[in-house]
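Everything below concerns the one structure shown next.
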There are 2 protein chains.
Amino acid sequence: MARMPTVDDVARAAQVSRQTVSNVLNTPEIVRDNTRERVQRAIDELGYRPNASARRLRTRRSATIGIRLDPLRDGISGAVLDRFVHKLAEQADARDLRVMIFSAAGNDDELSHIRRLRDGSDVDAFVLIGTDHGDPRIAWLVDHHVPFVSFGRPWGAPADDPRHRWVDVDGRAGVRDAVLRLAERGARRIAWIGWPSPSGTGDERRAGWVEACGLSESDQDALACVTEDGVAHGRACADRLLALPEPPDAIVCASDSLALGALMAAQAAGLGDLPIVGFDNTPVAAAVGLSSVDQPLDDVVAAALELLFGESGETVRPNPDSNEEPTHRLLVPRLVERRSTHLLLDGNPGA
Amino acid sequence: MARMPTVDDVARAAQVSRQTVSNVLNTPEIVRDNTRERVQRAIDELGYRPNASARRLRTRRSATIGIRLDPLRDGISGAVLDRFVHKLAEQADARDLRVMIFSAAGNDDELSHIRRLRDGSDVDAFVLIGTDHGDPRIAWLVDHHVPFVSFGRPWGAPADDPRHRWVDVDGRAGVRDAVLRLAERGARRIAWIGWPSPSGTGDERRAGWVEACGLSESDQDALACVTEDGVAHGRACADRLLALPEPPDAIVCASDSLALGALMAAQAAGLGDLPIVGFDNTPVAAAVGLSSVDQPLDDVVAAALELLFGESGETVRPNPDSNEEPTHRLLVPRLVERRSTHLLLDGNPGA
DNA sequence: TCGATCGTTTTGATCGATCAAATTATTCGG
DNA sequence: CCGAATAATTTGATCGATCAAAACGATCGA
């Protein structure tokens with residue numbers, strides 16, 4: 001295969017110096033029109049493309065974002081992260097950024113990958129997805145001045161540390177709206193199926209239910225079911241709830257996996273019309289007609305990139321250390337209603 | 001942030017020359033034990049990491065694989081590709097390879113990305129997923145000597161062109177086995193829900209059904225239903241099949257999406273025990289207890305990497321042009337049986 | 001003891017771009 | 001029409017590694 005043309009080749013062809021070619025590429029506004037056109041023509045004719053490695057070596061920027069792909073767990077809820085990665089690839093592309101993925105077994109492993117990718121100047125900045133209580137990664141990244149943004153709040157730590165840029169979705173508001181909507185449609189005993197505490201995301205979503213369900217404390221205790229994520233677990237919980245002396249007339253779940261399980265339990269119990277709401281609006285929810293709280297992933301990704309790179313651009317903004325510019329963003333989800341909540345209207349009051 | 005140490009820093013600390021440090025890293029066997037240990041100690045103490053960009057510039061290798069993430073379609077079947085990408089990240093990691101993702105709107109767009117990434121020496125080799133009939137990408141890649149491997153056969157082109165390395169799963173065998181299994185359990189009229197022709201993958205899977213279903217041509221026509229992929233489409237097809245004067249006593253589908261739709265149709269028709277088999281063994285299938293043909297993605301990824309990089313190593317093997325070494329691999333899927341095919345045993349013969 | 005041979009280490013050049021500073025061309029007020 | 005200020009372009013150095021070839025040192029047979 002023929003050698004790729006370099007700046008020098010272009011320079012020779014256009015009768016200018018290397019630097020002028022470089023300028024046409026990077027700061028075209030300082031090159032005279034006449035010259036710029038001539039150079040551009042040479043570039044096109046030769047099919048020149050800048051060598052990314054050389055540029056990176058010199059500029060110490062890679063215009064590349066790193067993101068970890070977890071070993072998939074459930075596969076249904078995990079789909080959110082996949083969707084996130086897709087969106088990230090799309091929007092990064094639009095900004096002329098590259099996205100590099102890596103997999104890691106645990107947090108320590110992830111950090112060692114991050115270190116390797118960064119020290120090798122392979123990657124400029126990282127996106128973390130899914131933050132935990134007292135997530136050790138965040139402290140490490142902040143301490144080591146690694147530019148990053150997380151999709152997920154710093155649970156258990158002050159949320160306004162400017163050195164930690166984050167984007168998140170207000171799950172509490174999302175669940176609250178869902179509950180209110182169900183109430184509006186006639187539901188009185190709305191149950192909750194969620195994850196064990198402490199779970200940042202899970203506790204927050206549950207809080208939305210507590211806030212809006214209008215149940216007494218003892219009823220809350222009776223109608224809240226805590227379990228690991230997963231369809232089977234959701235089903236078991238729902239079975240238990242439906243067997244209560246005063247069963248719920250609607251169920252809100254912390255995830256679509258749980259909700260799908262609940263849906264199956266309801267159908268098995270002959271309660272095919274029990275309104276159920278999930279969370280994440282995964283493709284499965286759409287497929288089976290399950291209402292679900294939808295996270296605005298497009299906006300999440302856009303916000304994440306903006307926090308890292310600014311309005312438009314491919315250069316990472318330095319790690320902020322003061323609150324001059326906002327360093328986090330909380331977005332509002334929205335309920336997507338499908339058959340599972342419309343049933344109340346179809347002449348089949350669930351209670 | 002302090003400057004990262006370079007080979008020179010290490011060399012100075014270990015009282016050797018840069019090249020010796022480089023040798024310790026790349027060809028340790030030619031360095032004397034004594035020296036190697038001393039250098040290694042210096043590397044550890046300084047926390048030295050080779051700069052990937054510099055290395056790439058010099059060696060003209062990036063040790064990076066590129067892969068396109070489609071804008072997601074269905075989301076259920078698309079999950080296979082996501083799983084593939086995960087596995088790829090994991091196994092690439094084990095070989096010290098990096099994976100870069102990009103998104104593209106269409107085939108042309110994908111090619112222009114590939115060109116950019118390759119000409120910039122960002123990426124050494126590409127993985128294509130999902131090949132179509134007369135896929136234009138393949139001809140282009142072969143013509144331009146871009147190293148690549150595809151997950152998917154060259155439908156409509158000779159499959160043994162050594163310049164096209166590919167891995168695929170024998171969908172025909174997978175479906176055949178599923179059909180035989182259903183027959184073994186007593187099913188006589190096994191229906192097929194699949195995609196419109198020509199579709200490489202789809203036609204192949206259907207061929208498996210034709211081969212094993214043991215139906216007359218006219219019965220085949222009656223019991224085969226063709227539709228786009230998607231849960232709703234699957235459901236519509238199944239509704240039609242179940243309304244036949246002689247309805248099927250089992251259904252095999254070209255995808256889990258279709259199968260999920262079929263499952264819903266069966267349940268709605270009070271045929272909760274109708275055996276249904278999907279394809280791809282997605283998380284959803286597992287969640288709802290749907291039997292499905294599972295593609296051995298671990299093996300697929302391993303084979304893809306092996307075709308590109310050899311037994312072990314991070315250097316792309318040159319584009320082969322003769323058949324000295326095998327350049328493709330066809331793997332066998334396996335049926336994962338769940339409730340939906342066991343029902344025949346549970347005392348509810350479907351026929 | 002000398003030169004040939006082998007294994008080990010070092011030196012100089014290079015990959016392809018950008019940075020910083022120097023140089024040349026142009027504009028403009030007086 | 002001149003010199004200062006500004007715009008446009010060029011030159012030399014550099015990023016951090018590896019390649020290719022040269023230099024070095026030890027071993028060994030003649």
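Naming: A, B, ... by sequence-line order, numbering from 1 per chain.
As a whole-Å value, the separation of A:Arg60 CZ from C:dA17 P is 18 Å. Look at CD1 on B:Ile30: it is 12 Å from C1' on D:dT18, rounded to the nearest Å. A straight line from CZ of B:Arg32 to C1' of D:dC24 spans 11 Å, rounded to a whole angstrom. Protein atom CG of B:Leu46 is 16 Å distant from nucleotide atom C1' of D:dA17, rounded to whole Å. In this structure, A:Asn34 atom CG and D:dA7 atom P are separated by 18 Å, rounded to whole Å. If you take CG of B:Asn51 and C1' of D:dT14, they are 13 Å apart, rounded to a whole angstrom. Atom pair B:Gln15:CD and C:dT9:P shows a separation of 14 Å (rounding to whole Å applied). Note: CG (A:Asp8) to P (D:dG12) measures 13 Å, nearest angstrom.
Dashed line: the shortest gap from a side-chain N or O of B:Asn26 to OP1 or OP2 of D:dT18 is under 4.0 Å. Regarding contacts with the backbone of D:dC15, every side-chain N or O of A:Thr59 stays at 4.0 angstrom or more from both OP1 and OP2. Within the 4.0 Å cut-off from OP1 or OP2 of D:dA8, not a single side-chain nitrogen or oxygen of A:Asn23 is found. Using a 4.0 Å cut-off, some side-chain N or O of A:Thr20 falls inside it from OP1 or OP2 of D:dT10. Neither OP1 nor OP2 of D:dA8 sits under 4.0 Å from any side-chain N or O of A:Thr35. For B:Ser22 and D:dA17, the shortest distance from a side-chain N or O to OP1 or OP2 is not below 4.0 Å.
With A:Ser150 contributing its side chain and A:Leu128 its backbone, the two residues share no donor-acceptor pair below 3.5 Å.
At a cut-off of 3.5 Å, with distance as the only test, a side-chain donor of B:His86 or A:Asp82 sits close to an acceptor on the other residue. No hydrogens or angles considered: nothing links the side chains of A:Ser62 and A:Asp122 as a donor-acceptor pair under 3.5 Å. A side-chain N or O of B:His113 and one of A:Asp93 form a donor-acceptor pair less than 3.5 Å apart.
When each of D:dG16, C:dT10, D:dT10 is scored by its nearest atom to the side-chain atoms of A:Gln19, the top-ranked nucleotide is D:dT10. The side chain of B:Thr6 approaches D:dA17 more closely than any other nucleotide in the set D:dC19, D:dA17, C:dC19.
The 5' end of DNA chain C is approached more closely, in terms of each residue's nearest nucleotide, by B:Val31 than by the other of B:Val31 and B:Ala54.
With hydrogens and angles ignored, a donor-acceptor pair under 3.5 angstrom links the side chain of B:Arg58 to the base of C:dT14. Judged by atom type and distance alone, A:Arg18 reaches the base of D:dG12 through a side-chain donor-acceptor pair under 3.5 Å.
Using a 4.0 Å heavy-atom distance criterion, B:Arg49 is classed as a sugar-phosphate-only contact.
Using a 4.0 Å cut-off between a side-chain N of Lys or Arg and a carboxylate O of Asp or Glu, B:Asp44 and B:Arg41 do not qualify as a salt bridge.
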